Amino acid sequence: MGVGEEPSDVFAARRRKLESLRAAGIEPFPHAFDHVEPIAAVRAQHASLTPGEETTAAHRVAGRLAARRGQGKMAFLDLVDRSGRIQLQARVDELGPERMEQLLSLDLGDLLGIDGIAFVSRRGELTLRITDYRVLAKSLRPPPEKHHGLTDVETRHRHRELDLIANEDARELFMTRARVISAIRRFLDSEGFIEVETPVLQPLYGGAAARPFTTHHNALDRDLYLRIATELYLKRLIVGGLERVYELGKDFRNEGIDSTHNPEFTMLEWYEAYADYLDVADRCERLVAHVASEVGYAGPIDLSSPWRRQTLAEAILDRTGVDILRFRDRGTLAAEMRARGLAVPEEDTWPQLVDELLSKHVEPALIEPTFLLDYPVELSPFAKRHRAVDGLAERFEAYIGGLEIANAFTELNDPDEQRRRFEQQRALAGAGDLEAQPYDEAFLAALEQGMPPTGGIGIGIDRLVMVLTGTRSIREVVLFPAMRD
RNA sequence: GCCGCCGUAGCUCAGCUGGCAGAGCAGCGGACUUUUAAUCCGAAGGUCGUGGGUUCGAUCCCCACCGGCGGCACCA
């Protein structure tokens with residue numbers, strides 16, 4: 001069933017009304033409608049009126065017809081725009097019999113422009129008494145049910161326009177998302193960052209552990225990759241002296257789809273010269289706290305700074321009793337895990353076992369904002385070695401509500417060390433690791449030019465929006481999530 | 001990829017391990033001048049996801065496929 005099916009008489013009735021409008025000399029799809037006020041602005045002007053109070057204030061609003069009560073000589077209609085809903089009163093003594101009948105024969109879902117005089121009904125509802133109206137666009141499909149809204153998840157995601165028409169929650173959520181993104185830009189701009197744009201189509205992908213999408217450029221007759229991260233290009237801009245840069249845009253990863261993964265998703269990355277990962281952590285928690293405040297976050301999690309900080313090894317020790325720093329090879333770590341009754345996947349290497357401990361036993365418990373610091377260097381091919389602890393890298397991941405929302409490091413800027421890391425990745429790729437980093441000579445050449453000490457981070461914007469809106473599925477915060485055909 | 005649940009009118013949902021497919025909203029015809037999910041009367045509206053199978057007979061039982069959701073696996 002659904003939106004693509006053949007019209008039934010519900011559709012035919014709307015077609016007939018379209019034709020009768022035209023027959024009456026009314027253009028059902030006019031070009032524009034000037035001087036429209038947001039409904040919320042009209043409401044704000046009359047917030048102090050009392051029930052039964054009349055005014056002489058004329059207003060012009062526009063939106064979608066959402067409900068109709070009554071018929072004949074007087075009726076009430078509800079009009080919805082992006083900012084809210086307002087009641088309209090249609091009276092035959094104001095409009096005349098012909099215009100009245102024409103108005104009442106319009107369909108729910110039609111787009112209307114309304115001129116009216118504000119008053120408050122006996123029951124206390126702000127209302128516009130219609131003095132004139134205009135059809136702004138005829139709707140040829142019935143809107144979703146007016147009480148229950150649209151609840152079918154598949155239809156809500158495949159036809160997001162219906163979700164937005166029917167569900168005020170959905171409108172509010174995506175407006176919040178927009179405010180999150182603009183607040184991020186304002187924050188970074190005010191701290192001396194410049195926004196840049198680097199290639200989405202890349203001859204070589206890199207900067208994250210993920211499989212890419214492949215595409216083809218016809219004129220060049222060569223395959224290109226959709227980026228999995230912006231990291232490597234952004235660091236080349238740090239080499240170039242731009243000092244503080246950020247990019248906010250889509251990354252693409254050719255992986256499974258679940259409640260926290262969409263194949264295309266919005267990533268913020270920033271890089272700052274002369275900073276390390278702890279400086280980046282400070283800015284990250286300030287950014288999130290600022291954005292939460294800007295969008296009026298009132299959820300259950302305290303996002304204010306400072307956040308809890310704990311090393312990865314401590315967190316795993318606390319949750320499992322396993323001290324990964326004491327068992328530094330695959331065999332002894334696996335034995336320790338077995339001794340404590342923990343599952344040990346047969347194929348896993350030492351860093352993969354660490355990741356297993358982290359994702360199974362630590363991540364789900366990280367509800368309050370938490371930085372997990374200092375990851376195994378094997379898992380972090382672009383992070384600088386820890387200044388104090390052998391075998392670790394200066395890297396953190398930030399968790400909120402059990403979700404990983406950020407990943408950051410003190411960036412590796414020694415080109416020879418970076419080259420050795422690429423060699424290791426090449427060995428992994430040779431062993432069948434589909435996510436190993438490809439060898440990127442252009443990036444190495446840039447590092448050889450000299451990159452200042454640099455801190456960098458990637459923040460998953462979709463997941464951050466999930467936290468800020470209390471949503472459990474990434475599909476709820478992406479307007480058009482990936483679906484099968 | 002594996003397992004489980006789900007798919008019935010435009011929308012929201014009923015439908016008894018098998019016997020002609022149900023309601024509300026919306027829509028259509030009518031009544032009504034202060035409604036707030038308006039109310040009342042009337043007449044309509046269906047490829048029960050798709051394709052097979054079992055059966056005298058399938059929305060219901062079986063198989064496959066499509067799509068969605070959840071979990072596992074994989075993965076930031």
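Each chain gets a letter, A, B and so on, in the order the sequences are listed, and its residues count up from 1. No experiment lies behind these values; they were computed from the predicted model shown.
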If you measure from the P atom in B:rA37 to the same atom in B:rC5, how many Å do you get, rounded?
39 Å

Once you apply the 3.5 Å cut-off to both distances, tell me the Watson-Crick or G-U wobble partner of B:rG18, or none.
none

In whole angstrom, what separates A:Arg15's CZ from B:rG27's P?
18 Å

Between A:Phe409 and A:Tyr277, is the ring centre distance below 6.0 Å?
no

Ion pair check, A:Glu411 and A:Lys235, cut-off under 4.0 Å
yes

Can you measure A:His261 atom NE2 to B:rC69 atom C1' for me and round it to whole angstrom units?
18 Å

Determine the contact category for A:Asp78: base if any of its heavy atoms lies under 4.0 Å from a base atom, sugar-phosphate if only primed atoms, P, OP1 or OP2 are that close, otherwise nothing.
nothing

When you check the side-chain N and O atoms of A:Glu37 and A:His59, is any donor under 3.5 Å from an acceptor?
yes

Rounded to whole angstroms, how far apart are NE2 on A:His147 and P on B:rA37?
8 Å

Any salt bridge between A:Asp93 and A:Lys73, counting N to O under 4.0 Å?
no

Complement of B:rG45, any strand, by Watson-Crick or G-U distances under 3.5 angstrom:
none

May I ask you to say what A:Ala67 touches in the nucleic acid, namely base, sugar-phosphate or nothing, with a heavy-atom cut-off under 4.0 Å?
nothing

Any donor-acceptor pair, under 3.5 Å, between the side chain of A:His148 and the base of B:rC11, if you only look at N and O atoms?
no

Rounded distance in Å between the P positions of B:rU12 and B:rG7
13 Å

Hunt down the Watson-Crick or G-U wobble partner of B:rC69, both distances under 3.5 Å, from any strand shown, or write none.
B:rG4

Whole-angstrom distance between B:rC62 and B:rA26, as gauged at atom P:
38 Å

Inter-nucleotide C1' distance (B:rU8, B:rG49), Å rounded
10 Å

Of all the nucleotides listed (B:rC74, B:rU36, B:rC13), which has the minimum atom distance to the side chain of A:Thr151?
B:rC13

Taking atom types as modelled and ignoring hydrogens, do the side chains of A:Arg227 and A:Gln202 form a donor-acceptor contact shorter than 3.5 angstrom?
no

Is A:Gly149 touching bases, backbone alone, or none of the nucleic acid, heavy atoms closer than 4.0 Å?
sugar-phosphate

Heavy atoms only, 4.0 Å cut-off, all strands: where does A:Arg484 land among base, sugar-phosphate and nothing?
sugar-phosphate

Are side-chain N/O atoms of A:Trp350 and A:Gln352 paired as donor and acceptor at under 3.5 Å?
no

Given the C1' atoms of B:rA31 and B:rU50, what is the spacing between them in whole Å?
46 Å

With rounding to whole Å, what would you report as the distance between B:rA23 and B:rU33 at their C1' atoms?
32 Å

Establish, from distance only, whether the side-chain atoms of A:Thr471 and A:Glu476 form a donor-acceptor pair under 3.5 Å.
no

Using a cut-off of strictly less than 4.0 Å, decide whether A:Lys17 has a side-chain nitrogen or oxygen near OP1 or OP2 of B:rC28.
yes

For a quick check under 3.5 Å, do A:Glu269 and A:Tyr246 share a side-chain donor-acceptor pair by atom type?
no

Contact under 4.0 Å: A:Ser359 side-chain N or O vs B:rC74 OP1/OP2
no

Test: A:Lys17 and A:Asp110 ion pair at under 4.0 Å
no

Using a heavy-atom cut-off of under 4.0 Å over every strand shown, decide if A:Glu94 touches base, sugar-phosphate, or nothing.
nothing

B:rC61 -> Watson-Crick or G-U wobble partner, both distances under 3.5 Å, gives B:rG53

Rounded to the nearest angstrom, tell me the gap between atom CD1 in A:Ile165 and atom C1' in B:rC11.
13 Å

Check RNA chain B against residues 114-122 of chain A and give the residues with a non-hydrogen atom under 4.0 Å, in numerical order.
A:Ser121, A:Arg122

Among B:rA73, B:rC28, B:rU35, find the nucleotide with the atom closest to the side chain of A:Lys360.
B:rA73

Just to confirm, is there a sub-4.0 Å distance from OP1 or OP2 of B:rU35 to any side-chain nitrogen or oxygen of A:Arg69?
no

Look at atom CZ of A:Arg185 and say whether more than 12 heavy atoms of other residues, nucleotides or ligands are closer to it than 6.0 Å.
yes

Taken to the nearest whole Å, CD/A:Glu404 to C1'/B:rC75 is 11 Å

Pull out every protein N or O sitting under 3.5 Å from an N or O of nucleotides 29-33 of chain B, one pair per line with the distance.
from, atom 1, to, atom 2, distance (Å)
B:rC32, N4, A:Gln71, OE1, 3.0

Give one of base, sugar-phosphate or nothing for A:Glu125, where a contact means two heavy atoms less than 4.0 Å apart.
base

Between A:Thr131 and A:Arg91, a side-chain donor and acceptor under 3.5 Å
no

Less than 4.0 angstrom between a side-chain N/O of A:Arg158 and OP1 or OP2 of B:rG68, yes or no?
yes

Under 4.0 angstrom between A:Lys146 side-chain N/O and B:rU36 OP1 or OP2:
no

What integer number of Å spans the C1' atoms of B:rC66 and B:rU54?
23 Å

Quick one: does A:Gln87 reach the base of B:rU35 with a side-chain donor-acceptor pair under 3.5 Å?
yes

Partner of B:rA9 by Watson-Crick or G-U wobble geometry, both contacts under 3.5 Å, or none?
none

Looking only at B:rC28, B:rC13, B:rU34, the nucleotide nearest the A:Phe76 side chain is B:rU34

Atom CD of A:Glu145 to atom C1' of B:rG27: distance rounded to whole Å?
13 Å

Paired with B:rA37: which nucleotide, if any, by Watson-Crick or G-U wobble criteria at under 3.5 Å for both distances?
none

Residues which pass side-chain contact (heavy atoms from CB on, under 4.5 Å) with A:Arg385, listed by chain and number, not counting sequence neighbours:
A:Val377, A:Glu417, A:Arg421

Please confirm whether the shortest side-chain N or O distance from A:Arg475 to OP1 or OP2 of B:rG70 is below 4.0 Å.
yes

Any side-chain donor-acceptor pair under 3.5 Å between A:Gln425 and A:Tyr439?
no

Work out how far the C1' atom of B:rG15 is from that of B:rA21, and round it to whole angstrom.
8 Å

Could you check how far CG of A:Asp110 sits from C1' of B:rA26, rounded to whole Å?
13 Å

In whole Å, what is the span from the CZ atom of A:Arg68 to the P atom of B:rA37?
17 Å

